[in-house]
Amino acid sequence: MYIPSYDDLTPSIPDITPGEPLARVQQILPQHHRPVVAGSPPPGDMSSARLFACLRSTDAKEMLTLVAIARDFSPRLERHGSTSVVLDVGGLGRLLGDPETIARELQRAAAARGARVRIAVARTHTAARLLAACPERAKRVEGGDAAEAVASLPLDTLRVLIEDRYAGEPNAAQLKATTMRLDTLRRWGLTTLGEVAALPVADLSERMGQHGVMLQRLAAGIDLAPLVPDPGTPRFVQRMELEWPIDALEPLSFVLARLLDPLSIALERADRGAAAVRLDLRLVDRTVHQRVLQLPAAMRDPRVLRTLLLLDLESHPPSAGIDIVAIEIDPAPARIVQYSLLARALPSPETLATLAARLGALVGETRCGSPALLDTWRPDAFEMQRFAPESPRANRESRFAVRDSLILRRFRPPVAVRVTVDRGRPVRVFIDRRGMPGGHVQQAAGPWRTSGAWWDAAPGAPWDRDEWDVALSDGSICRLFHDRLGDCWFLDGVLD
Amino acid sequence: MTCRLTRLIRGVPLRILTCERRRKSEMPGARAHLESLLRERKLDVTLTSGAPWARVARDGAPTGIAQIDDALGGGLVRGHLSEIVGPRSSGRTSVLCRVFAAAAERGEAVALIDTCDRFDPASAESAGVDLTKLLWVRDTGNADRALKAMNLVLQAGGFGIVAFDLADVHAVAVRQFPYTTWMRIARVIEGSQTVALIAGAERIARSPGGVTIALDAPADGPRGRWSGTANRARLLRGLDVQPRIVGMR
């Protein structure tokens, strides 16, 4: 922004001489130069003018989408009712261009999110809301005077604004009274907002009081109140620069506690919990060691969060000393739990998160959790999932109902064995390892042939085997299988 | 007896300790009062829980096997360390899975510390175990590390059953655990609603209120129940499990 000095102006403005009164200078100056001052844009420049956009949807479920779209364009937004959002796009002219371009960009963002919205842009947020509320209106971008922009809209458009104004209020008397005033205007023969705006204010006030004047101001597209921005979601961030680098986890725990305590208090005041915790450690080698903890439930106990962070850092330690510690928390609505008097309480998510972190640090993250069977016939096919006992039981039909009374103690990987075969049946089993079953086969049932993944070229993916259940002379009952691809025998497990 | 109790318990009112001087008809009531005091002071486990009159209805954890539940008087004792022992293919894991299934049926979370990674989820689910309620900790044969995991799970609390599978751990490694280890575990779960279970090849440890479910080999032959006489028609139908309650004190 360039504000010309008096010396810059004087050569081209002969009417002004030193010592002129300020009022005269202000009177002459606009004819020659127009200094760019914040709040008073130059003619034709829409960059810093008052400009508002309104996003309106017919579906109240899309309100969150509307807010998300609006936040992508402006931090100053206000919700009206359950279906419309007004945002201040006054400064977007420099970035995007004229109001038509802004409206097109908004429309593109809405289409990208799959939202069906009506978008209007106008000088006042009331005019923008009126334009967006009228489904018949084709042109909804008006960069000029607000009253002219809405003058041709039908009178019923005001009803939408009034319903938004009183939405959610238990007392419907105000809404009913205002609706009756609109009916009165219609009985007077008025059909458009321009006709209402043209009424004499004094006469209207005599007949309808201040409520009538309020309706007239709305019909003229005048804002009754300034835009009150939605506070939005606060950020929960704490950061600390250390005087000396930290190398060990123990001193870091004190730093984490100092950062997490105020964060926990802030979360409690906002009635929020941490859904995820992001820890950024800037190291002395100028790299950033970043860890993100996805928590199973919203929690805000600083001791639990600190323990989880420390356990995670035990498993994934930074490569150098720590210079700066920053913690950011993704907030989520706090958890409300109603315990039952009859059902036995399960471990809380905080307890489970801490336990999973401790067990993960002890035995490995992939070696603790709940097993989930995979939808395949491959033997011993399962995956480990996060332990969440409150989740409903998987309603799947078991494929192993044929041998439902037998529990297998499985060897991972299967143990190679030497088997003596007589007429196609195993008669003796030898295992070279101490403490393993072996001996003469007293009973044998089989074979059960399974095969699969023959189409997969990856090594180890195809399987083709004959399974046997055998009772050995040492008293054990085992499951053997003959790998037909490698022509060798394995001990799959012991039935126990 | 009075002298012995006096040595063991300090601070118990004298009128209770002198119950033996009273008439024999007053004995049961006074004894019950004394035991309630012992329980309050957490001194009861070594003195009273094994007494026949102490076998009152309690909040046990049924195993889901009627024969064992009848012998246990309702189920495994909560807050105590019990064990399931037996040789290979004696049905230890089957009984353990039945205990898990019964606990899951009651809506409890269960945990298995699998020292040698032997658990088979597919056969467990077919036996009725709700895998979503099962916390499975898979170790690679390190019994010390598995014991630490067991301790962590017990200290976290909230589990109905916590089982420690030591069945395939070498007996020497099991015996290397100091006996105070099991006392400490018993102390951790004392008074809680958790049943701690050890599955092993031989008797390892149990708390004074816990039980040992010994699964012995049938005297009349092999454990498997087979059907069919022809080789091709033979099927393994199941295992004959013979439980014996050893340590109900």
Go through B:Cys116, B:Ala167, B:Ala146 and name the one with the most non-hydrogen pairs under 4.5 angstrom from chain A.
-> B:Ala167
With a 4.5 Å heavy-atom cut-off, do A:Pro389 and B:Thr132 have their side chains touching?
-> no
Check whether A:Pro447 gets within reach of chain B through its side chain, its backbone, both or neither, counting any heavy atom under 4.5 Å.
-> neither
Under the 3.5 angstrom rule, does the side chain of B:Thr93 hit a backbone N or O of A:Ile407 as a donor-acceptor pair?
-> no
What residue, out of B:Val110, B:Asp168, B:Asp139, has the most heavy-atom pairs lying under 4.5 Å from chain A?
-> B:Asp168
Tell me, for B:Ala124 versus chain A, whether the close heavy atoms (under 4.5 Å) come from the side chain, the backbone, both or neither.
-> backbone
Does any N or O in the side chain of A:Ser370 come within less than 3.5 Å of the main-chain N or O of B:Leu135, such that one atom is a donor and the other an acceptor?
-> no
Side chain, backbone, both or neither: which part of A:Thr366 has a heavy atom under 4.5 Å from chain B?
-> backbone
Leading residue by heavy atom contact count with chain A [cutoff under 4.5 Å; candidates B:Asn142, B:Leu112, B:Asp114, B:Val153] = B:Val153
Working to the nearest 0.5 Å, report the span between CG of B:Leu152 and SG of A:Cys368.
-> 10.5 Å
Output yes when a side-chain donor or acceptor of B:Asp120 lies under 3.5 Å from a complementary backbone atom of A:Asp380, and no otherwise.
-> no
Does the distance from a Lys or Arg side-chain N to an Asp or Glu carboxylate O, for B:Asp165 and A:Arg409, drop under 4.0 Å?
-> yes
Find the distance between CG (A:Leu495) and CG (B:Leu239) and round it off to the nearest 0.5 Å.
-> 6.5 Å
Between A:Leu408 and chain B, which part of the residue has a heavy atom less than 4.5 Å away: side chain, backbone, both or neither?
-> both
How far does CD of A:Gln442 sit from CH2 of B:Trp226, to the nearest 0.5 angstrom?
-> 10.0 Å
Closest non-hydrogen contact found for A:Ala445 with B:Leu235 is CB-CA, 4.0 Å
Taking C-beta and beyond as the side chain, do B:Arg118 and A:Arg410 meet within less than 4.5 Å on heavy atoms?
-> no
Step-by-step side-chain contact (heavy atoms from CB on, under 4.5 Å) determination, A:Phe387 to B:Val137 = CA-CA 11 Å; A:Phe387 179 58; B:Val137 183; over 6 Å; no
Supply the atom-to-atom distance A:Leu406 CG to B:Ser126 OG, rounded to the nearest 0.5 angstrom.
-> 8.5 Å
By salt bridge (charged side-chain N to carboxylate O under 4.0 Å, His left out), B:Asp117 pairs with (sequence neighbours left out) A:Arg367, A:Arg412, B:Arg138
Any donor and acceptor pair, going by atom type alone, linking the side chain of A:Asp496 with main-chain N or O of B:Arg88 inside 3.5 Å?
-> no
Per-residue contact mode, B:Val95 against chain A (heavy atom under 4.5 angstrom) | neither
Rounded distance (nearest 0.5 Å) linking atom NZ of B:Lys148 with atom CZ of A:Arg358 | 13.5 Å
Drop me the distance from B:Glu125's CD to A:Phe382's CZ, to the nearest 0.5 angstrom.
-> 13.0 Å
Structural part of A:Ala381 lying under 4.5 Å from a heavy atom of chain B | neither
For each of A:Gly364, A:Pro437, A:Gly435, A:Gly493, tally heavy-atom pairs with chain B at distances under 4.5 Å, and name the one with the top tally.
-> A:Pro437
Backbone N or O of B:Ser89 within a donor-acceptor pair of the A:Ser476 side chain at under 3.5 Å?
-> no
